[in-house]
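Here the structure is laid out as structure tokens; the discussion comes afterwards.
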Protein chains: 2
Amino acid sequence: MKSLHDMPEGTASASVSLDRLFELAEVLGAMMARGVAERGLTTARAGLLWALLHDGPMTQRTLAARLGVTPRNVTGLLDALQADGLVAREAHPSDRRATLVSLTEKGRTVTAALRGGRNSMAAELFGDMTATQLEAFQGGLEVVIERLRAMR
Amino acid sequence: MKSLHDMPEGTASASVSLDRLFELAEVLGAMMARGVAERGLTTARAGLLWALLHDGPMTQRTLAARLGVTPRNVTGLLDALQADGLVAREAHPSDRRATLVSLTEKGRTVTAALRGGRNSMAAELFGDMTATQLEAFQGGLEVVIERLRAMR
DNA sequence: GCTACATAGTGAAGTCACTTCACGATATGC
DNA sequence: GCATATCGTGAAGTGACTTCACTATGTAGC
């Protein structure tokens, strides 16, 4: 079972790299969950706020599509965020079925803090790299991401 | 809000790299969830099987520690895995409070398939890299993982 | 030996993210 | 004007997790 000849050349070290990738995903996920929890959020709710920060006010339907989840799920997330005063549901100007969701003042404050945290995290992780190193690393990641997406 | 002078030198590109990292974590997670679902599993259950594959039969308590979850949670995961015939709960030889969990024949078959899938995924991702390139990439990942762990 | 205390697993109850299905309210095509 | 698609949400359910309480068993200390 542990023979070196069970696998084609190079598979073992490629598997180690993949293990590292999974490890990274795990650590990163835990990291983010913790950071976000410190501000009274969950990753799902933070993701929603993040979407609003980047793309501005949106319909719930659009939000669902952007997050890749069911519209029903968005309803639930918004209920919580609205109860915390982070988002507001307003009437859509031209479609009375739809709801326009936007960040409240408090929501903007919280997302700004999240962004700040993210930036200092990035600085701590990559701050001492040269622009060249950084670009190389980033390029490698992009290749991997690209291939992963192509794999489906 | 979008001024180039809001942040210290280099922060912007570091943030882009971090974004890539998060993107990678997301894609990788989705990928794994799908692969594992094709075999009738969830990531949590697959993680448990994986632990058993690597470290052999274990106590539920040990399993909980190894997975970083509550013992109670392990009970639930095992209930499902046992119902599917993938693991077996045996009496611990020396401690009558404890339960020894091990893979069944079917469990070994499934984990072998999972490992095969992982290996071919690794091959597809990294197969065309030279050993040198691979080592460089892996080294970069390890640095990042290390720093992330140190960050808590 | 017995008592005191720690440890292994599990029932009960609850949270969070997510889903499907059904339904009422509105928009839209013809 | 009417059929039909679309927007949001109630109801119900799943899976991964948690805490808390409880039973059964191991382990000291005396």
Side-chain angles (χ1 to χ4, degrees), chain A residues 25-26 29-30 32-52 57-84 86-102, chain B residues 25-26 29-30 32-52 57-84 86-102:
Chain A
E26 203 180 302
M32 190 168 69
R34 199 175 56 84
V36 130
E38 276 168 9
R39 296 184 163 82
L41 289 173
T42 61
T43 59
R45 292 175 199 174
L48 200 157
L49 293 182
W50 201 253
L52 287 176
M58 249 181 285
T59 273
Q60 294 190 199
R61 216 81 187 182
T62 311
L63 219 29
R66 202 173 175 301
L67 299 175
V69 298
T70 318
R72 186 59 183 86
N73 189 22
V74 170
T75 300
L77 295 173
L78 285 179
D79 287 347
L81 288 169
Q82 194 173 20
D84 287 353
L86 300 174
V87 303
R89 285 195 246 226
E90 304 150 31
H92 190 285
S94 65
D95 188 341
R96 284 194 304 172
R97 296 167 303 175
T99 312
L100 254 194
V101 184
S102 53
Chain B
E26 203 179 301
M32 190 169 68
R34 200 176 55 83
V36 129
E38 277 169 8
R39 295 182 165 83
L41 288 173
T42 61
T43 59
R45 292 174 198 174
L48 200 156
L49 293 182
W50 201 253
L52 287 176
M58 249 181 285
T59 272
Q60 294 190 199
R61 217 81 187 185
T62 312
L63 220 27
R66 203 175 175 301
L67 299 175
V69 297
T70 318
R72 187 59 184 86
N73 190 20
V74 170
T75 300
L77 295 175
L78 285 179
D79 288 347
L81 288 170
Q82 195 174 20
D84 286 351
L86 299 174
V87 302
R89 284 195 247 225
E90 303 150 32
H92 190 287
S94 65
D95 188 341
R96 284 193 305 173
R97 295 167 304 176
T99 312
L100 254 193
V101 184
S102 53

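Here the structure is a predicted model, which means the values were calculated and not measured. Chain naming here is simple, since letters A, B, ... match the order of the sequence lines and numbering starts at 1 in each.
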Considering every strand and a 4.0 Å limit on heavy-atom distances, what is the contact class for Thr59(A): base, sugar-phosphate, or nothing? sugar-phosphate
Does Thr42(A) put a side-chain nitrogen or oxygen below 4.0 Å from OP1 or OP2 of dC16(C)? no
Let me know the distance between CG of Asp84(A) and P of dT15(C), rounded to the nearest Å. 15 Å
Please give, in whole Å, the distance from dC18(C) C1' to Leu78(A) CG? 15 Å
Rounded to the Å, how far apart are Leu63(A) CG and dC18(C) C1'? 15 Å
Can you tell me if the side-chain N/O atoms of Arg61(B) get under 4.0 Å from OP1 or OP2 in dA8(C)? yes
Rounded to the Å, how far apart are Leu67(A) CG and dG8(D) P? 13 Å
Arg45(B) has its side chain closest, among dG15(D), dT18(D), dA25(C), to dG15(D)
Within the 4.0 Å heavy-atom criterion, would you say Asp95(A) contacts the bases, only the backbone, or no part of the nucleic acid? sugar-phosphate
Side-chain donor/acceptor contact of Arg72(A) with base of dT19(C) under 3.5 Å: no
Between Glu90(B) (CD) and dA8(C) (P), how many Å, whole number? 18 Å
Quick check for you: among dA17(C), dA24(D), dT10(C), whose closest atom lies nearest to any side-chain atom of Arg97(B)? dA24(D)
Could you state the CG-P distance from Leu41(B) to dT14(D), rounded to the nearest angstrom? 18 Å
Tell me whether the OP1 or OP2 atom of dT10(C) has a side-chain N or O from Arg89(B) closer than 4.0 Å. yes
With a 4.5 Å heavy-atom cut-off, do Leu41(A) and Leu86(A) have their side chains touching? yes
Output the rounded distance in Å from CG (Asp79(B)) to C1' (dC17(D)). 14 Å
No-H, no-angle donor-acceptor pair, Arg96(B) side chain to dT25(D) base, under 3.5 Å: no
If you count the non-hydrogen atoms of other residues, nucleotides and ligands that lie under 6.0 Å from CD in Glu26(A), is the total more than 12? no
Minimum-distance nucleotide (side-chain atoms of Thr99(B) versus dT19(C), dC17(D), dG9(C)): dG9(C)
So does Thr70(B) get a side-chain nitrogen or oxygen closer than 4.0 Å to the phosphate oxygens (OP1/OP2) of dT18(D)? yes
How long is the gap from CE on Met58(A) to CG on Leu48(A), to the nearest 0.5 Å? 7.5 Å
Any chance you could measure Thr59(B), atom OG1, to Arg66(B), atom CZ, to the nearest 0.5 Å? 14.0 Å
Pick the nucleotide of DNA chain C nearest each of Ser94(A) and Ala44(A); which residue has the one closer to the 5' end? Ala44(A)
Choosing from dC18(C), dT10(C), dA8(C), which nucleotide comes nearest the side chain of Leu77(A)? dC18(C)
Output the distance between atom CZ (Arg61(B)) and atom OG1 (Thr99(B)), rounded to the nearest 0.5 Å. 11.0 Å
Between atom CG of Leu67(B) and atom CG of Leu77(B), what is the distance when rounded to the nearest 0.5 Å? 7.5 Å
Grab the CG-P distance between Asn73(A) and dG10(D) for me, whole Å please. 14 Å
